[in-house]
Amino acid sequence: MNKYNPQKIEAKWQKEWEKKKRHETKDRAEGKKNFYHLVMFPYPSGDLHIGHWYNFAPADVYARFKKMQGFNVMSPIGFDAFGLPAENAAIKRGIHPRDWTEKNIKKMRKQLQSMGNMYDWSREVVTCEPEYYKWTQWMFLQLYKKGLAYKAKVPANFCPSCKTVLANEQVAGGKCERCDSEVIQKEINQWMFKISDYAERLLKEIDDLDWPETTKIMQKNWIGKSEGYNIKFEIPACSGEIPVFTTRVDTLFGCTYLVLAPEHPFIENHQAEITNYKFVEQYIESSKKKTERDRISEMGEKTGVCLEGVKAVNPVNGREIPIFVADYVLFHYGTGAVMAVPAHDQRDFEFAQKYNLPIKMVICPNYPKNICPILDRAFEDEGFLVDSDRFTGMPSKEARQRIGEWLESRKKAEKKIYYRLRDWLISRQRYWGAPIPMILCQQCGWQPVDEKDLPVLLPALKDFRPTGEGKSPLAKADKFVSVACPKCGGQAERETDTMDTFVCSSWYFFRYADPRNKEMFASKEKLNAWLPVNMYIGGAEHSVLHLLYSRFFTKAMQDQNFIDFAEPFLRLRHQGIILGPDGQKMSKSRGNVVDPDEQVKKYGADAVRMYLCFMGPYNQGGPWNPNGLVGIQRFLQRTWDIINSKTKAKTENQYIEIEKLLHKTIKKVTEDIEGLRFNTAVSSLMILINEISKQPEALKIENWKSIVQLMAPFVPHFAEELWQQLDFKDSVHSQSWPVYDSGLVKEKTALIIVQVNGRVRDKIEVPADLPEGQIRDLAFSSKKAQNWIDGKKPKKIIFVPNKLINIVI
RNA sequence: GCCCGGGUGGUGGAAUUGGUAUACACGAGAGACUUAAAAUCUCUUGUCAGCAAUGACUUGCGGGUUCGAGUCCCGCCCCGGGCACCA
């Protein structure tokens, strides 16, 4: 008998599809709506492990499903090819990053093709190719022109091992996200993107997106909006004032001192008035030396120094209060100064306890009883005001508004909003990235490279290793550095830093729409044909990095009218993470990376695809365990055998039950794929085949057609082969998705659960929609139920149509 | 510390709106076919009691709401992710 040989048919159909260019997508298809299906493009690290398969194979099931539903689906793929890991790996192996990257891409292309995904390779983009990074540089210039790219000397996160600065988003717990080394603070002149200009839009416009709620919350927290007041505290000693930001104006009467961040300019500007300046200076120096790590480990252990000789005046009651400098106050947030209310802020509370400062309670949980508890920690909740002059007795929420307005009318305060989001630092002192297209002229200052001179090619350096002195390796390439000023023509120097890879990946989804355009990153016509992305699938680890940056790019490009939409990804879903068999995150150093090749060789790509779908909920992931794969193989073999036995169907209505089950399965599979519940979709297919295998003669050939179609997205080669064996025309993948008959799906009978006092005592089968009265009679005549009713009179009867009757006695 | 997500058989998991808990699959056990093995097929498989019919118990723990709770509410424990002095 004809045996299912996955390796043979997979090779056959992959060749055939490629020959017929089955997966190339036209920008317009007659009578079809475009559907942009996108997976996060991979980083060419070398080998495609099972985690990649988990990302790409179920995603491809969705793409194929949408195609069969009649959409003109674009499913592109490419490589996020610049970046630190490639460079670090190349250094380790003593080869050039370009060679290493190209070799990996070649290998991964082959591996990706072996999965049988419907990628349109004609649209492939590779971010380290000049034809691509030309437009990355072009985007930089557009941002620069609008003042959204600027160079500034800021304290930055510096990784001593990677020898480059990093964005805030790339530092996790004081450590480098890539190599886990301790990050130190270093002041370097850096190129920044002004993402903070878009904080409000990034926050507001996320609401309407069909994204996982958790991802939205993460982005919102990262942006971190706070509304409050900037309050002016007068400093009589130097006839100046210090503004502080607070979200709790209602606690102002409880403010017993001010605290400035060590970097606050007031301190340096008033050396004369501060009588213990030497001491203060020492404190500032010592806190500067602290690493991010020190600050984290010291959390709770607050330090500071009082500025002797200067006092601040609380605008609300005219009282003079001391001023401290302490590094628990951050300079880069708000005004770099806070009003300390130890009774109602835990940090101030700890500081006040340590330095014996007055703790004055002004919010009570239970006014007018007015019994304030003795505090062992700050009371940060809402309550009623006490000891607050004419605001006493007012709920804190109302007081916030009233005190704010009152101060505003006296010009002592103004409404203010601050965001936690800081600007995006994009300079990297590394070789393997897109050069920043800027030129520094001693006469004219920073000048952008002329657009017609793009791309600024990355020179083919022999020694590309980082220098460690905070300078890019490109600085060593004299030919690259030395250039004529675009403005005056005089001697000038190129910027030698390269761009963070996240810049390259912030716009790649535009390029897929028009990948070979030489005039523009993509034409508006093609952008409008495809974007925004209809379905985006990728890991949750990008919740704030890539996904936030891409939204920023999209908004910035919209504002300059290069595109017509404000959000790049309308629908987003995350796949889970496949862990190593040991339950740990897969990593080469742990040696638990699973290569799917062995399983593919044994069971075929189709079985592996389907097993990945079947394993569990797609967004969950978990440890890799191939034990269940054999179950998928058995299922495919059984399906194959039944079809090949070519059992002829009998008369139409004899097997109506099977036909009904088929239509229920169509409904279930359709709904499940749409919701990315691949595991239950596969299980319902198994139930169907199990049922059919009991009576294979029950199915008409027409119904086999539907079944093969239902399976096609999961096991594309298998389905294509069966399609051909059943003598159907064309390709199964260009068929339209089966539609269920709602008449057949509707149940003719219902199984009624008979409960007595909420416990199941019997089950009775009745015609569907039988009215309550009749079911009641049936329930009472049930012997099993009668045993429990025991002749008693029911107190109550609960009836759920077509489901359940509960007799309460 | 704060914000999310999760905890169901030996294992992966199902239960879409508060209505049969354990679908589907793996594994295990028994049997059929076979000289034998593989493959395939059939049956059993949450726990306890029972020959059985059947009954009791069971969704991390403890309470609660409800005729009825894996699902809702309160309190706790554990695991995973994010944030981490953001005033």
Side-chain angles (χ1 to χ4, degrees), chain A residues 3 172-174 212-222 224-226 228 244-248 251 259 261 292 295-296 298-302 326-330 332-341 344-348 350-351 380 418-422 540-541 543-544 576-577 579 583 611 614-617 619-632 634-635 637-638 641 668 671-672 675 677 679-687 690 693 751-760 762-763 784 787 794-800 802-809:
Chain A
K3 181 113 176 116
E213 217 42 54
T214 49
T215 306
K216 290 189 187 180
I217 290 169
M218 260 196 241
Q219 283 208 6
K220 284 183 184 177
N221 291 344
W222 189 263
K225 181 179 183 175
S226 289
V244 302
F245 176 63
T246 181
T247 55
R248 291 294 300 267
T251 64
V259 195
E292 193 79 8
R295 288 177 76 134
I296 289 165
E298 269 175 21
M299 225 158 78
E301 190 51 47
K302 306 218 167 8
D327 61 11
Y328 79 88
V329 172
L330 305 171
H332 61 74
Y333 185 77
T335 63
V338 301
M339 60 178 228
V341 187
H344 304 296
D345 182 287
Q346 185 56 25
R347 297 154 300 183
D348 299 338
E350 284 162 21
F351 190 79
E380 294 181 324
Y418 283 102
Y419 299 91
R420 221 187 65 115
L421 180 69
R422 284 197 268 165
E541 68 274 17
S543 292
V544 282
I577 298 168
L579 305 170
Y611 181 58
F614 182 63
M615 268 176 28
N619 59 11
Q620 191 177 294
W624 169 248
N625 176 358
N627 288 347
L629 243 169
V630 65
I632 298 290
R634 286 175 192 155
F635 165 67
Q637 184 68 57
R638 200 175 323 142
D641 290 344
K668 173 102 180 123
E671 289 168 359
D672 280 352
R677 291 181 297 270
N679 54 333
T680 47
V682 173
S683 116
S684 68
L685 284 168
M686 287 174 168
I687 292 170
N690 285 348
S693 62
L751 189 68
I752 303 287
I753 303 307
V754 181
Q755 293 185 335
V756 179
N757 282 342
R759 314 208 56 158
V760 181
D762 202 0
K763 299 162 190 183
K784 286 179 189 164
N787 288 339
K795 279 188 210 145
K796 201 174 178 185
I797 291 174
I798 282 90
F799 175 69
V800 184
N802 288 327
K803 272 207 176 121
L804 166 143
I805 182 158
N806 185 9
I807 299 158
V808 186
I809 52 167

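Just so it is clear: chains get the letters A, B, ... in the order the sequence lines come, proteins before strands, and each one is counted from 1.
- The side chain of A:Arg420 contributes an N or O atom lying less than 4.0 Å from OP1 or OP2 of B:rA84.
- Picking from B:rA87, B:rU20, B:rC67 the nucleotide with the shortest atom distance to the side chain of A:Leu751 gives B:rU20.
- For A:Asn625, the side-chain atoms get nearest to B:rU11 when compared with the rest of B:rC85, B:rC67, B:rU11.
- A syn base is found at B:rG9: its glycosidic angle is within 90° of 0.
- Here A:Lys803 lies in heavy-atom contact (under 4.0 Å) with sugar-phosphate atoms only.
- Checking B:rA87, B:rC83, B:rC67 against the side-chain heavy atoms of A:Val808 singles out B:rC67 as nearest.
- Nearest nucleotide to the side chain of A:Asp327, out of B:rC85, B:rC3, B:rA23: B:rC85.
- A:Lys225 comes within 4.0 angstrom of nothing in the nucleic acid, heavy atoms only.
- The C1' atoms of B:rC73 and B:rA23 are separated by 29 Å, rounded to the nearest whole Å.
- Counting any heavy atom pair closer than 4.0 Å across all strands shown, A:Pro617 reaches sugar-phosphate atoms only and no base atom.
- When distances are taken from the side chain of A:Thr246 to each of B:rC3, B:rA84, B:rA87, the shortest belongs to B:rA87.
- Residue A:Lys795 places no side-chain atom within donor-acceptor reach of the base of B:rC67, judged by atom type and a 3.5 Å distance cut-off alone.
- For the residue pair A:Arg420/A:Asn221, the side-chain donor-acceptor check at 3.5 Å is not satisfied.
- Base engagement by A:Val338 is indicated by at least one non-hydrogen atom pair under 4.0 Å involving a base atom.
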### Query
Dot-bracket for RNA chain B: what is it, with Watson-Crick or G-U pairs under 3.5 Å, [ ] where a pair crosses earlier ones, and | for a pair to another strand?
(((((((..(((......[....)))((((((.......))))))((((....))))..(((((..]....))))))))))))....

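- Under 3.5 Å, the side chain of A:Gln755 and the base of B:rG19 form at least one donor-acceptor pair of N or O atoms.
- The closest donor-acceptor contact from the side chain of A:Arg248 to the backbone of A:Glu380 lies under 3.5 Å.
- Residue A:Asn802 is classed as having no contact, given no heavy-atom separation below 4.0 Å to the nucleic acid.
- Between the C1' atom of B:rU54 and the NZ atom of A:Lys763 lies a distance of 14 Å, rounded to the nearest Å.
- If you find the closest nucleotide of RNA chain B to A:Glu213 and to A:Gln620, the one lying nearer the 5' end belongs to A:Glu213.
- Computed from coordinates, the A:Gln637 CD to B:rA39 P distance equals 12 Å when rounded to whole Å.
- Partners of A:Lys225 under the salt bridge (Lys or Arg N to Asp or Glu O under 4.0 Å) rule, at least two apart in sequence or in another chain, are A:Glu200.
- In this structure, the CG atom of A:Asn787 is 11 Å from the C1' atom of B:rA53, given to the nearest Å.
- Spacing between atom CG of A:Asp345 and atom C1' of B:rC2 amounts to 14 Å, rounded to whole angstrom units.
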Please write out the pairs of protein N or O atoms and N or O atoms of nucleotides 25-28 of chain B separated by less than 3.5 Å, giving the distance to one decimal.
from   : atom 1 : to       : atom 2 : distance (Å)
B:rA25 : OP1    : A:Asn690 : ND2    : 2.9
B:rC26 : OP1    : A:Arg634 : NH1    : 2.6
B:rG27 : OP2    : A:Arg634 : NH1    : 3.4

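- With B:rC67, B:rC57, B:rC83 as the choices, the nucleotide that has an atom nearest any side-chain atom of A:Asn806 turns out to be B:rC67.
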